[in-house]
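Single-structure report; data block below.
Predicted model only: the values in this text are computed from it and were never measured. All residue numbers in this chain count up from 1 along the given sequence. Below, all heavy atoms of this structure are taken into account, side chains as well, without hydrogens, waters or symmetry copies.
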Amino acid sequence: MKNMKTLWVSLTLLIGLAAANAQSPKIVGIEFQKLFNGYWKTAQATNKLQIQFNDIERERTAIRQQFKKAEDEYKTLQESANDQAISAEQRDKRKKLAEEKLGELRQIEAAFQQFNQNAEVNYRETQDRMVRNIVKELREAVTAKAKGANYSLVVNLSVDAILYSSMEDITDVLLKDINAKAPPGAFEIKPAAETKPDVKEEKK
């Protein structure tokens with residue numbers, strides 16, 4: 001019985017020493033939003049989206065100008081169709097032309113609405129795809145960093161649920177790593193193209 005007790009005490013001490021000597025898990029934090037914003041490929045994606053947006057705005061401007069021209073022509077035809085100084089035959093002819101121009105206006109308006117709908121869908125799909133690809137790359141970079149440095153856990157410090165943390169923040173270190181191969185000018189954000197004010201389209 002005494003030998004059993006001695007054995008139990010010895011085993012308990014061994015377990016305690018093993019636990020004390022075991023390497024404690026290393027937990028680090030990363031501000032993932034900061035990582036995303038500071039990545040050079042995010043700047044490149046932003047520029048590509050801006051180019052797509054500028055192309056959309058140029059097409060919108062062209063359609064608006066087309067609409068404005070047709071609208072002016074419609075108003076002119078409509079006014080001339082009520083001109084009592086010309087014959088009834090001429091007034092009927094101009095009235096018919098005005099009706100045709102009104103039909104053209106409605107076609108342009110429908111085309112404008114369809115273009116806006118398609119452009120918005122395409123833009124959002126492009127944006128979502130770019131974001132997904134960048135997030136995937138960053139997750140892979142975080143995983144590689146964690147495995148290489150033997151981190152047990154990486155916590156996203158951008159999450160609002162974390163009110164306080166004294167853990168090591170490796171965001172800047174990882175940012176330096178992932179931006180090491182950035183090409184010259186990769187962080188330059190191109191300004192948005194200037195667009196003309198909207199022309200108000202009125203249904204006839």
Side-chain angles (χ1 to χ4, degrees), residues 31-141 158 160 175 178-179 181-204:
E31 293 184 43
F32 199 83
Q33 188 64 51
K34 180 180 179 180
L35 197 69
F36 180 89
N37 293 338
Y39 189 28
W40 70 271
K41 288 190 178 181
T42 301
Q44 296 294 291
T46 300
N47 287 333
K48 289 179 180 179
L49 286 171
Q50 188 60 59
I51 290 173
Q52 182 175 345
F53 179 80
N54 292 343
D55 290 341
I56 292 172
E57 283 301 301
R58 278 193 290 269
E59 185 63 24
R60 281 175 174 161
T61 299
I63 297 176
R64 291 186 186 108
Q65 290 173 346
Q66 183 184 7
F67 183 93
K68 184 64 170 60
K69 180 181 177 182
E71 184 181 44
D72 292 340
E73 292 173 352
Y74 168 75
K75 290 178 179 179
T76 300
L77 288 169
Q78 193 176 41
E79 290 173 0
S80 64
N82 296 323
D83 188 358
Q84 299 301 315
I86 62 176
S87 65
E89 182 180 356
Q90 284 295 322
R91 288 199 300 271
D92 289 341
K93 184 182 294 186
R94 294 179 183 182
K95 183 178 180 181
K96 183 179 180 181
L97 289 173
E99 291 173 353
E100 291 175 355
K101 186 59 66 174
L102 179 59
E104 182 182 340
L105 272 173
R106 288 172 176 167
Q107 288 178 355
I108 296 173
E109 185 177 32
F112 185 71
Q113 292 174 351
Q114 186 64 48
F115 171 79
N116 276 335
Q117 183 178 349
N118 293 339
E120 183 177 354
V121 170
N122 292 335
Y123 183 86
R124 287 183 178 177
E125 287 179 350
T126 302
Q127 185 180 49
D128 291 344
R129 182 175 64 255
M130 288 181 172
V131 169
R132 284 196 304 270
N133 290 340
I134 291 174
V135 168
K136 181 182 177 182
E137 286 188 24
L138 292 178
R139 284 183 177 275
E140 291 173 351
S158 298
D160 293 338
L175 265 177
I178 63 178
N179 288 329
K181 296 182 180 180
F187 296 97
E188 181 182 353
I189 301 296
K190 298 178 181 178
E194 295 183 2
T195 57
K196 296 181 179 180
D198 289 352
V199 176
K200 184 179 180 181
E201 298 90 356
E202 298 180 355
K203 293 184 178 181
K204 308 300 176 185

Check residues 31-45 and write down every donor-acceptor pair under 3.5 Å in which the side-chain atom is one partner and the other belongs to a residue at least two apart or another chain.
unit_1	atom_1	unit_2	atom_2	d
Gln33	NE2	Asn37	OD1	3.2
Lys34	NZ	Asp172	OD1	2.9
Asn37	ND2	Gln33	O	3.3
Tyr39	OH	Glu137	OE1	2.8
Lys41	NZ	Glu137	OE1	3.1
Lys41	NZ	Glu137	OE2	3.3
Thr42	OG1	Phe36	O	2.6
Gln44	NE2	Ala186	O	2.7

Item to complete: Enter the distance from Gln113:CD to Ile63:CD1 here, rounded to the nearest 0.5 Å.
Response: 11.0 Å

Practice prompt. Answer yes or no: is there a donor N or O on one side and an acceptor on the other, between the side chain of Arg60 and the main chain of Asn116, under 3.5 Å?
Written response: no

Discussion item. Working to the nearest 0.5 angstrom, can you tell me the gap between Ile134 CD1 and Lys136 NZ?
Written reply: 13.0 Å

Worksheet item: About how many Å separate CG of Asp92 and CG of Leu97, when rounded to the nearest 0.5 Å?
Response: 11.0 Å

Response to the item:
So CZ of Phe53 and CG of Asp55: to nearest 0.5 Å the spacing works out to 11.0 Å

Discussion item. Could you walk me through whether Gln50 and Asn54 satisfy the side-chain hydrogen bond (donor to acceptor under 3.5 Å, both in side chains) test, starting with their C-alpha distance in whole Å, then the side-chain angles of each, then the deciding distance to 0.1 Å, before giving a yes or no?
Written reply: CA-CA 6 Å; Gln50 188 60 59; Asn54 292 343; 3.0 Å; yes

Fill in: Minimum-distance pair of heavy atoms, taken over all atoms of Glu188 and Asn47
O-ND2, 2.8 Å

Practice prompt. Taking the side chain as every heavy atom from C-beta outward, state whether Gln52 and Asn122 have any pair of such atoms under 4.5 Å apart.
Written response: yes

Worksheet item: If you measure from CD1 on Ile56 to CD1 on Ile51, what distance do you get to the nearest 0.5 Å?
Response: 12.0 Å

Worksheet entry | Test log, rule salt bridge (charged side-chain N to carboxylate O under 4.0 Å, His left out), inputs Arg106 and Glu109 | CA-CA 5 Å; Arg106 288 172 176 167; Glu109 185 177 32; over 6 Å; no

Fill in: Passing option when Lys68 is tested against Arg64, Gln65, Glu71, Gln66 for side-chain contact (heavy atoms from CB on, under 4.5 Å)
Glu71

Worksheet, complete the sentence: Heavy-atom nearest pair, Gln78 first then Asn82, reads O-ND2, 3.2 Å

Item to complete: Determine whether Arg132 and Arg129 make a side-chain contact, defined as any pair of heavy atoms from C-beta on separated by less than 4.5 Å.
Response: yes

Discussion item. Within this structure, what is the NZ-OG distance for the pair Lys93 and Ser87, rounded to the nearest 0.5 Å?
Written reply: 8.0 Å

Discussion item. Less than 4.0 angstrom from a charged side-chain N to a carboxylate O is my criterion; do Lys101 and Glu104 meet it?
Written reply: yes

